[in-house]
Each structure stands twice: as structure tokens, then as C-alpha cells.
*Asks:* 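My questions will all concern the structure given below.
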Amino acid sequence: MTGTDSEKDLTVVNGEIEAVVFRNDENGYAVLKVRLDDSTQATLVGCIPYVFPGELITAFGDWENNPVHGPQFKVSFFQQEMPYNENAIFRFLSSGIFKGIGQATATLIVNRFGGRALAVIADDYESLAEIRGINLTKAKKLNEEFLRHSGIQELMAYICTYNLRPVLAMRIYHFYGDRSLEMLRENPYIIASAHIGGRFSEADRFALESGMDGYSPERIKAAVIFELYHNLNNGHCFIPFEKLASATAEMIGVEADEVRSCMEDLIESGEMIAEDIAGCRACYLPKVYMAECNVASDLARRACSGITRLSNPGKIIKEIEQTEGIRYSSEQISTLHAVTDNRVVVITGGPGTGKTTTIKAVLKLFDSLGLRTLLCAPTGKAAKRTTEVTGYDAYTVHRLLGAKIAEDDESVIFDKNEDDRLLCDALILDECSMVDILLMDALVRALPDNAKLILVGDADQLPSVGPGNVFASVIASDVVPVVVLNTIFRQGDGSKIIENAHLINRGEYPDLGANAGDFFRLKRTQAEAALNTICDLFSDRLPFRMGISTGDIQVLSPTRKGELGTINLNKKLQERLNPSGDGKKEIVFGDSVFRESDRIMQIRNDYDVIWSDREEKIFGNGIYNGDTGTIVEINAEQEYLKIDFDGKLVKYGYESLIEIEHAWAMTVHKSQGSEFEAVILALSANSSLLLTRDVLYTAVSRARKLLILVGDDAVAFRMIDNFKQTKRYNALKTRLKKAAV
């Protein structure tokens, strides 16, 4: 591996790696034991990513004396080579880098081929099948893993020359394989793409250092496209032309006129779409533009397709009431009439207003009418909860549509689409407020033209994380029939959670000091005291004094950062709930320590990952953003974690750890679509942008049986008063109205 430092001022050491004592795959920091050429042993420390026992290393750096560990060689940069003597080759092959190759098999390979073993694996792997216990399939697999190692090693050497994070090389190779270097040299900005997960600043610095002109059109266009992608995560479907030009110019330090010129080129080439909307020249990514147009067209067509009245729906409804032993409210009966008469209907209401009971009633009605009905929700937890309360199987939208990664390894495609539609007469989508414009587009494309679509959700909860504000826009358009459920059925149960959630939603202050029923407030005006209280509640007071299992407790916070943000909360909760020791294995990754028995969350969709049930009899694919699980095994030798996602077991290679984070505490946004037996809400004044009424309302309505607010009352009242909703640039409402004319 080459470096930018001058070699003449550095000491050089050469040797064979005997052991990797410590390795952090996020930042590349490692501690190595190396047998130097003079037969002495040395400790090497520094950014030394992706090296293994048996490999040869030439390191450039300086000796330093660590007060605890003694003399160490601090590496500035290094070069590595494959081993060539038999002992080193044996250590390399048996280091755990190659799955299924342990000491016994490594011994057989070295005994048979000696110093030529690695050359045979690379260029003549069929010969490995001559060895007892190695068939042609296993030999081919070893060849593929060896070439993968060589490819990552070459890529790692290249990107570390530019001081990029080593974990990016792992991600790039995962997506592009042998084409990685070619792709990276052709377009340095793939580093900042969503599927690689790097920062634009990293990609931009790399591009400039590798020779790209700061005013080159390629750089400016990449920055414009990055701004559009970045703002999808802020909920925007489009950005006004001038805002996009000025934001891009400021980000990369060029003149706005230069950006405008490149934007016109992007529009002309079709890489960006511009359209005048309400006096604004709106700039879209093509896929978002097409999604918004298609959703508007589809929903308007269904809404305007005419009413199909039943001759006597009341009779069928009464029969269902008798069979189920239930009496529906007037609102619910109105809902049942609406869904029989129309092809698309919105059902909305706050907590406790009977949305789930209404969904079940609609399902029973559709059963009576002989309609094939599918039930789905945006997240796994929401789908599971819907199944539990209705008794009908509910799927995640991604699973229902057969989501997977396309051959370009970047975009998401769906097995179900306009060419292969879902087999149903009706589809009910629960927790619709969480669905962004891209997912809604995929859903309506797969829905048969004559099928009914029932959209259910709480319009006052937080909008989707992704682009658009679909549920609220559909309601505001006045194009789709809307049924509003207002009667609070659970209030009779004495639920202060429900009562206070509705007070908050109306902008009224609940009595936080009442501490009655299922709603409590523990006033803590100092962050440190609040943090200690939260840890005590989770680890001791709720489990041992109230008999609530830790598995049923969830800490929520409006923010990730600060003393009461989820990052610090998870660190402190891990220390209390799952400390090191007791034989638990752990791996350090970036600033995180992942440990067996940790509660974790998937933070990005992975459509291709394979899971099995606990008996390994049922297999499937796909783990999605927001899914939570528990680390059940860490295998340091083969470099993987095994995670149990509620009965779905998944193996994660170390290169995939960028996709998970700890989940004893999660943000309110991440909790959408879920309900928890007990919620502890951390109230912190840290992030003013997140201290809004809808954040507090959403957090409170996540609790099923117990809610405890920990913090300062003033923060809660400030959130209730802050009804200002962040503007999302989208035109679904406008397009719906236009399409319905």
C-alpha cells in the first residue's frame, strides 16, 4: 500500500503478520503482532486495514513507547504481499479468512502443493479437488474467496492512499466486485451514493485529489444530483431551481451561474426533470417525478371510476355483527358503506378511535362479498401488530411486492408491477402516513385496475422518512373519499395515554404532574439526572418492581445527538443491560461495540440478505429499515454476526455492520408504525428542529400500556406549542386535483 508521506523520513520494518490482536473495520485501526526479518517480534499499530496472519508486510512509520504496552511501531502507511513460504501460507489459509478452511484442510493443501498453494488456488483451483475432502464445488468457492480477497486488497490499497475510510472499500467491492477500481476511477462520487453510504465531502475530496477540476461539469453535476438525493431524506420530492442552484454552489464553492448552466445540461439530458408548479420551477430526480405523476393519476382514476352500490349492504353488516358478537359505531358503519361504494377510500383517526377494529370489520365485509383481500403495512413491526389484532395475515409492502436489488446493484425493483400484478380484489394499507411517494408508486403499479384500495392511518403523525407527504396530500386534495374516526373507544378504559395524546394533538397541555393510570412524568431538569433515571427505569425499576420484561421496554428520543440522544442513550444502556464479560464475544466497529445479546436495528433496506427460521427449515430474503433484532452469535474467525430478527436468523459479514445500530433507544421517527408495552420518552432541549407537536404526539401514541416522560416539563410544553410543520416540496395534492378534473 502506498502513501503520500515521504519515505526518507520514516523508519521501515519488514516481517510476517503472526496475529491480528485488534481490528476496527470502520476506520481501519489495527494492532498487529509481526515477526520481523531479524526474527524479533514487534507490535504494529495504526490504520492497517484488511490484513491477515501469514501475510508479509512492509511498514513505514516511527517507533514510540506506549506507557502501558511498551514499544510499538506506529504505521504511517504500508505495503502487503501474499505469503510464499509454507508456514506462512498455512497461517494465512487457516486464519479464518476463507470459510470452511480450518487447520486440517490448510495442512492438506500445504502438504500437497507446498509454496505453490496460493498460485494453485488462484490459477488452477481444479487441482484442489485431488485432495481428500475437497470437491470441485468447494475448490471453486475457495478460488472465488481468494480472488475476492485479492480484489479487496487492491481496492483497499487504492482508497487508503487518499485517506478514505477502509469500510468504504468493503462496501464498494460488495456492490461492484472485480469492477470496483474501474467504477471508482470512472466516477469517484459513487462513494456518496446511498448504497455505499459515504459522505459527499469524502467523495469530493477524493475526486479533487485524484485530479478532477473543481469547476469541471462532472463535479458540479454530481453535486446537483447529490443535493436532490440528499433532500429525499428530508422529505422533498423536488427542490425549486434557484434554491437548488444556490445550495449546490455554496456546498462546493463555485459560482451559482456555473451550477445553473450544469443544471440546464442535466435537464436537457434527462438526468433531472424540471416543471413549473404553482409559479415554481421544480427540479426532480426522474424516478421521483414519474412516481408522483403516476400515483396522482392512479388514485384520481380510482376515485373517479364511479360508485358501485350494493343492493342491501346493511343486511350484510348486521349479519357480521351477529357472527362476531360486536356492535359497530355509526362511524364504522359509514366506513363500511364507503368501502363498498368506492374503489379508493381513506380511513383516518387518532389513537383509540377504533382504526384496527374498523380494518377488521372491512376484512369481514370483503370476505362476505367474496373479495380476495390483501393486508399490508410499511414495516415488519407494523405488519406483525396488524396481524395480531385483526387475525389476518399482514405483509410488509416490500415483501408483498417482492422487492430486490436490480442487476446494477443500486436501484430497487419489484417482482410485482404493472406486468405481473397482485392477485387481489382489494388491498388495505395500514400505517399509510409512513409510506413515501416511491413506495406508493410501486404499490399502485402492482394493484389491479379494478381493485379497491383502502388507505388507513393517522394524519397527525409524523410523515414518511422518505420523499413526499402522501397520506396528508391525498386527504387534503378532496379527491379521494375520506372517513374520519373521532370517537375514542379506549377512553373508557381509563387510558391517560390516549387522553393525553389527543390533548397534545389539539395543542392543549396535559396535567404532567398527575402521575395516574398509565401516564407518568419524572421531572428531571438536568440531562445527567434524566440519563441516570432512564437507565434505572430500564434496568431495574420497571423489570423488578413492576414486572415488565426488558424486551417490552423501549426508550424513545426526538434526537440522535446530545446526552439524551439515542447514540449516548444506547451506549449507557448497553453498559447497564449487556456489559462486557461473562464470555460474551464482541466486535468494535467505528464508535460502536457490538456484543452478543445486544438489541440492534437495521437502518437501511437490504433486499437480498438471506434469512432462515431458527430450525433452518424455512428461508427467505430481505431485512428492512427499522427491523429490530438481537445479536445471538459473533464469530471472529469467520468474521460474521448472527442476528435474530424475531425468528428470522441472518448472518452479517463485518463489512455489513454499517447497516445496523443499537436499539434499546431509538428516535421517534424510527418508532413509527410500532407499539411497545412500555415507552420511556427522553425529553431533551438539544435539537430545536425536532421539538415539535407531531413528534411528541407520535411518541406518546407508541405506548400501549405505560408511558413515562423523563425530563423537563418546559420541553414538553414547548413541543406542544410548536405546531410549525416543516414544508415538504411535493406536488401530489396539485396533481391529484388536476387529474380528477
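Side-chain atoms are counted along with the backbone in the values below, which use heavy atoms only and exclude waters and symmetry mates.
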*Asks:* Could you grab the distance from atom CG of Asn417 to atom CG of Leu447, nearest 0.5 Å is fine?
*Replies:* 12.5 Å

*Asks:* Under 3.5 Å, is there a donor-acceptor pair between the Ser329 and Glu331 side chains?
*Replies:* no

*Asks:* What do the steps show when you test Val679 against Ile497 for side-chain contact (heavy atoms from CB on, under 4.5 Å), and what is the final call?
*Replies:* CA-CA 11 Å; Val679 168; Ile497 293 174; over 6 Å; no

*Asks:* So, are Glu418 and Arg445 salt-bridged, with charged N and O less than 4.0 Å apart?
*Replies:* yes

*Asks:* For Tyr729 and Asn234, does a side-chain donor sit closer than 3.5 Å to a side-chain acceptor?
*Replies:*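 Note: Tyr729 and Asn234 side chains miss the donor-acceptor criterion.
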
*Asks:* Are any of the side-chain nitrogens in Asp721 or Arg718 under 4.0 Å away from the carboxylate oxygens of its partner?
*Replies:* no

*Asks:* Do NZ/NE/NH1/NH2 and the carboxylate oxygens of Glu675 and Lys384 come within less than 4.0 Å?
*Replies:*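 Salt bridge absent between Glu675 and Lys384.
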
*Asks:* Tell me, do Leu709 and Phe520 make a side-chain contact under 4.5 Å, heavy atoms counted?
*Replies:* no

*Asks:* Cut-off 3.5 Å, side chains only: do Ser305 and Arg343 have a donor facing an acceptor?
*Replies:*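 The criterion, which ignores hydrogens and geometry beyond distance, is satisfied for Arg343 and Ser305.
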
*Asks:* With a 4.0 Å cut-off, would you call Asp613 and Lys648 a salt bridge?
*Replies:*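 Here Asp613 does not pair with Lys648 in a salt bridge, since their nearest N and O are not under 4.0 Å apart.
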
*Asks:* Any chance the side chains of Lys733 and Asn469 put a donor and an acceptor closer than 3.5 Å?
*Replies:* no

*Asks:* Side chains of Asn505 and Asp460: do they bring a donor and an acceptor to under 3.5 Å?
*Replies:* yes

*Asks:* Taking atom types as modelled and ignoring hydrogens, do the side chains of Tyr289 and Glu275 form a donor-acceptor contact shorter than 3.5 angstrom?
*Replies:*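 Present: a donor and an acceptor within the cut-off.
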
*Asks:* What I want to check is whether the side chains of Gln332 and Arg327 have a donor and an acceptor closer together than 3.5 Å.
*Replies:* no

*Asks:* Just by distance, no angles: are the side chains of Tyr697 and Asp458 close enough, under 3.5 Å, to form a donor-acceptor pair?
*Replies:*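 The criterion, which ignores hydrogens and geometry beyond distance, is satisfied for Asp458 and Tyr697.
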
*Asks:* Please identify which of these residues, Thr358, Ile428, Ile454, meets the side-chain contact (heavy atoms from CB on, under 4.5 Å) condition with Val339.
*Replies:* Ile454

*Asks:* Should Lys364 and Asp367 be marked as a salt bridge (Lys or Arg N to Asp or Glu O under 4.0 Å) after you check the CA-CA gap, both sets of side-chain angles, and the distance that decides it?
*Replies:* CA-CA 5 Å; Lys364 292 292 183 182; Asp367 281 351; 5.3 Å; no

*Asks:* Regarding Glu677 and Arg704, does a basic nitrogen lie under 4.0 Å from an acidic carboxylate oxygen?
*Replies:*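 Between Arg704 and Glu677 there is a salt bridge, with a charged N closer than 4.0 Å to a carboxylate O.
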
*Asks:* Do Arg281's NZ or CZ and the ring of Phe241 fall within the cation-pi criteria of under 6.0 Å and 45°?
*Replies:* yes

*Asks:* Between Asn605 and Tyr607, do the side chains contain a donor N or O and an acceptor N or O under 3.5 Å apart?
*Replies:* yes

*Asks:* Determine whether the side chains of Asp430 and Thr386 contain a donor N or O and an acceptor N or O closer than 3.5 Å.
*Replies:* yes

*Asks:* Has Arg560 got more than 12 heavy atoms of other residues, nucleotides or ligands less than 6.0 Å from its CZ?
*Replies:*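 For Arg560, atom CZ is not crowded (no more than 12 foreign heavy atoms under 6.0 Å).
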
*Asks:* Is there a side-chain contact between Leu462 and Val695 (heavy atoms, below 4.5 Å)?
*Replies:*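 Sidechains of Val695 and Leu462: in contact.
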
*Asks:* Report the residues that fulfil side chain to side chain contact (heavy atoms under 4.5 Å, CB included) with Ala739, sequence neighbours left out, ordered by chain and then residue number.
*Replies:*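 Partners of Ala739 under the side chain to side chain contact (heavy atoms under 4.5 Å, CB included) test: Ala300.
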
*Asks:* Could you check whether Gln602 and Glu659, counting side-chain N and O atoms only, form a donor-acceptor pair closer than 3.5 Å?
*Replies:*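 A pair is found: one side chain offers a donor N or O, the other an acceptor, under 3.5 Å apart.
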
*Asks:* Counting heavy atoms not belonging to Glu508, are there more than 12 under 6.0 Å from its CD?
*Replies:*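 Yes, enclosed.
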
*Asks:* Is Lys705 salt-bridged to Asp552, cutoff N-O under 4.0 Å?
*Replies:* no

*Asks:* Report, as yes or no, whether the 6.0 Å neighbourhood of atom NZ on Lys243 holds more than 12 heavy atoms from other residues, nucleotides or ligands.
*Replies:*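 Check fails, neighbour count at 12 or below.
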
*Asks:* Salt-bridge test for Glu388 and Arg385: reply yes if a basic N is under 4.0 Å from a carboxylate O, no otherwise.
*Replies:* no

*Asks:* Determine whether Asp646 and Lys381 satisfy the following criterion, salt bridge (Lys or Arg N to Asp or Glu O under 4.0 Å), listing intermediate values before the conclusion.
*Replies:* CA-CA 10 Å; Asp646 199 20; Lys381 279 192 173 294; over 6 Å; no

*Asks:* State, yes or no, whether a side-chain contact exists between Pro240 and Phe238 at a heavy-atom distance under 4.5 Å.
*Replies:* yes

